[in-house]
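By convention here, the first residue in the shown sequence is residue 1.
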Amino acid sequence: MTGLRYVYAVCRPFGTPLQAELTGIGGAPPALLHHHGLVAVVSTVPEADFCEEALKAHLEDLDWLAATARAHEGVVDALTTVTTPLPLRLATVFRDDSAVRTMIEAREEHFRSLLDRLHDRVEWGVKVYVETETAESAESAEPAPAPARPASGRDYLRRRRESSHAREEQWQRAERFAHGLHERLAERAEEFRLHPAQNAALSGARGQNVLNAAYLVSRKHSEEFVELVDRTKDEAAGLRVELTGPWAAYSFTGEAAS
């Protein structure tokens, strides 16, 4: 079976060895391909799985896609501990090492510019959710007494207006909190990206997402950035703040991983 060269990321040469047990797609260990003062982090993948026709089918297979993305991100995460990588798109493959070198030469100026801008910086993700009662808590809680039957149609409409008003107030409070938090975090970040709110049905996250942002922060200022996020977590009842990272700067390279 012939193989293709899968490229995880491009970076500058680094002296610290990667983890000995690190594996990538299909369990293959990543290798370093040096060219023109840059390094492509690669491994060999089966052509039967990564040729154009096979990829079209695989990209409809959510289990295959999730496993491939985890392996891809695992290699990039390992690189992030020793250098500043530029993650390439998921399933970036080339015929052989020569084709990888040609890609590096064609994009060399772009890669160097990004590496200069992102050097010694990492990405932190911050999300804010409006909390909703989980099924578990709902089951364990004592059932609420049934509301009294409306005395009239006017009483029914009044209750509907009050319920709608309460939900609107909660949402406005959440948006104000999210906006204020973002402004504080943006002041301590070098760049930021505001992503669309996550769909709870797709993400599986609890609650309604009102802030989904990425922040580019220098490593030396990351500790104070994390502390700032931690201090805000109890500022507003009914809201949940989630911090993820540090990651390679996926949101700031133009090379989304998926």
Side-chain angles (χ1 to χ4, degrees), residues 2-47 49-52 55 59 65 68-125 189-193 214-222 244-258:
T2 57
L4 301 175
R5 272 318 216 186
Y6 186 107
V7 185
Y8 300 90
V10 173
C11 58
R12 296 192 188 279
F14 54 93
T16 306
L18 291 173
Q19 306 159 14
E21 68 279 8
L22 180 65
T23 58
I25 307 296
L32 307 181
L33 177 61
H34 292 256
H35 190 59
H36 280 208
L38 295 172
V39 177
V41 183
V42 303
S43 67
T44 300
V45 294
E47 184 173 358
D49 284 332
F50 285 87
C51 66
E52 184 176 356
L55 272 177
L59 293 178
L65 193 60
T68 302
R70 283 195 299 270
H72 180 105
E73 291 168 4
V75 173
V76 175
D77 288 347
L79 284 168
T80 305
T81 66
V82 298
T83 187
T84 300
L86 301 179
L88 298 194
R89 292 181 184 274
L90 191 69
T92 296
V93 293
F94 296 89
R95 173 60 56 188
D96 51 28
D97 285 351
S98 178
V100 177
R101 294 186 184 98
T102 299
M103 179 273 294
I104 290 176
E105 291 175 9
R107 304 180 63 184
E108 183 175 353
E109 184 177 347
H110 173 68
F111 286 149
R112 292 187 186 280
S113 175
L114 277 176
L115 286 166
D116 287 343
R117 179 166 67 87
L118 300 177
H119 175 66
D120 212 23
R121 291 160 176 80
V122 292
E123 175 176 327
W124 292 93
E190 298 188 13
E191 297 181 41
F192 65 84
R193 297 286 186 271
Y215 301 90
L216 185 67
V217 182
S218 68
R219 292 181 189 272
K220 67 180 180 180
H221 292 142
S222 284
T244 59
W247 311 114
Y250 286 101
S251 300
F252 303 92
T253 65
E255 292 282 356
S258 59

* Does the distance from a Lys or Arg side-chain N to an Asp or Glu carboxylate O, for Arg112 and Glu108, drop under 4.0 Å? ->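 Salt bridge present between Arg112 and Glu108.
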* **Test side-chain contact (heavy atoms from CB on, under 4.5 Å) applied to Arg107 and Leu38, step by step** => CA-CA 11 Å; Arg107 304 180 63 184; Leu38 295 172; over 6 Å; no
Is it true that a side-chain atom of [X] and a backbone atom of [Y] form a donor plus acceptor pair closer than 3.5 Å?
X	Y	result
His36	Arg101	no
Tyr6	Pro30	no
Thr84	Thr80	no
Ser113	His110	no

With rounding to the nearest 0.5 angstrom, report the [atom1] to [atom2] distance, [X] to [Y].
X	Y	atom1	atom2	result
Tyr250	Leu86	OH	CG	11.5 Å
Leu4	Cys51	CG	SG	7.5 Å
Asp97	Thr44	CG	OG1	7.5 Å
Thr92	Arg5	OG1	CZ	14.5 Å
His72	Arg89	NE2	CZ	11.0 Å
Leu55	Asp49	CG	CG	8.5 Å

What is the minimum heavy-atom distance between [X] and [Y], and which atoms define it?
X	Y	value
Ala189	Val217	CB-CG2, 4.2 Å
Phe50	Val93	O-CG2, 3.8 Å
Ala9	Pro87	CB-CA, 3.9 Å
Glu123	Ala249	OE1-C, 3.3 Å

* **Verdict with reasoning, Val7 to Leu33, per side-chain contact (heavy atoms from CB on, under 4.5 Å)** => CA-CA 10 Å; Val7 185; Leu33 177 61; over 6 Å; no
* Asked: Are Val41 and Leu32 side-chain neighbours, meaning at least one heavy-atom pair lies under 4.5 Å?
  -> yes
* Asked: Taking the side chain as C-beta and beyond, is there a heavy-atom pair between Tyr8 and Pro85 under 4.5 Å?
  -> no
* Quick one: ring-ring contact (aromatic ring centres under 6.0 Å, His included) partners of Phe94, sequence neighbours excluded? ->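 In terms of ring-ring contact (aromatic ring centres under 6.0 Å, His included), with neighbours along the sequence ignored, Phe94 is linked to no residue.
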* Asked: What residue pairs, at least two apart or across chains, pass side chain to side chain donor-acceptor pair (under 3.5 Å) with a residue in residues 13-22?
  ->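 Sorted pair list comes back empty.
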Show me, pair by pair, the donor-acceptor contacts under 3.5 angstrom made by side chains of residues 115-122, not counting sequence neighbours?
| unit_1 | atom_1 | unit_2 | atom_2 | d |
| --- | --- | --- | --- | --- |
| Asp116 | OD1 | Arg12 | NH2 | 2.6 |
| Arg117 | NH1 | Glu191 | OE1 | 3.1 |
| Arg117 | NH1 | Glu191 | OE2 | 2.5 |
| Arg117 | NH2 | Phe252 | O | 2.7 |
| Asp120 | OD1 | Arg219 | NE | 3.1 |
| Arg121 | NE | Glu190 | OE1 | 2.4 |
| Arg121 | NE | Glu190 | OE2 | 3.1 |
| Arg121 | NH1 | His119 | O | 2.5 |
| Arg121 | NH2 | Glu190 | OE1 | 3.3 |

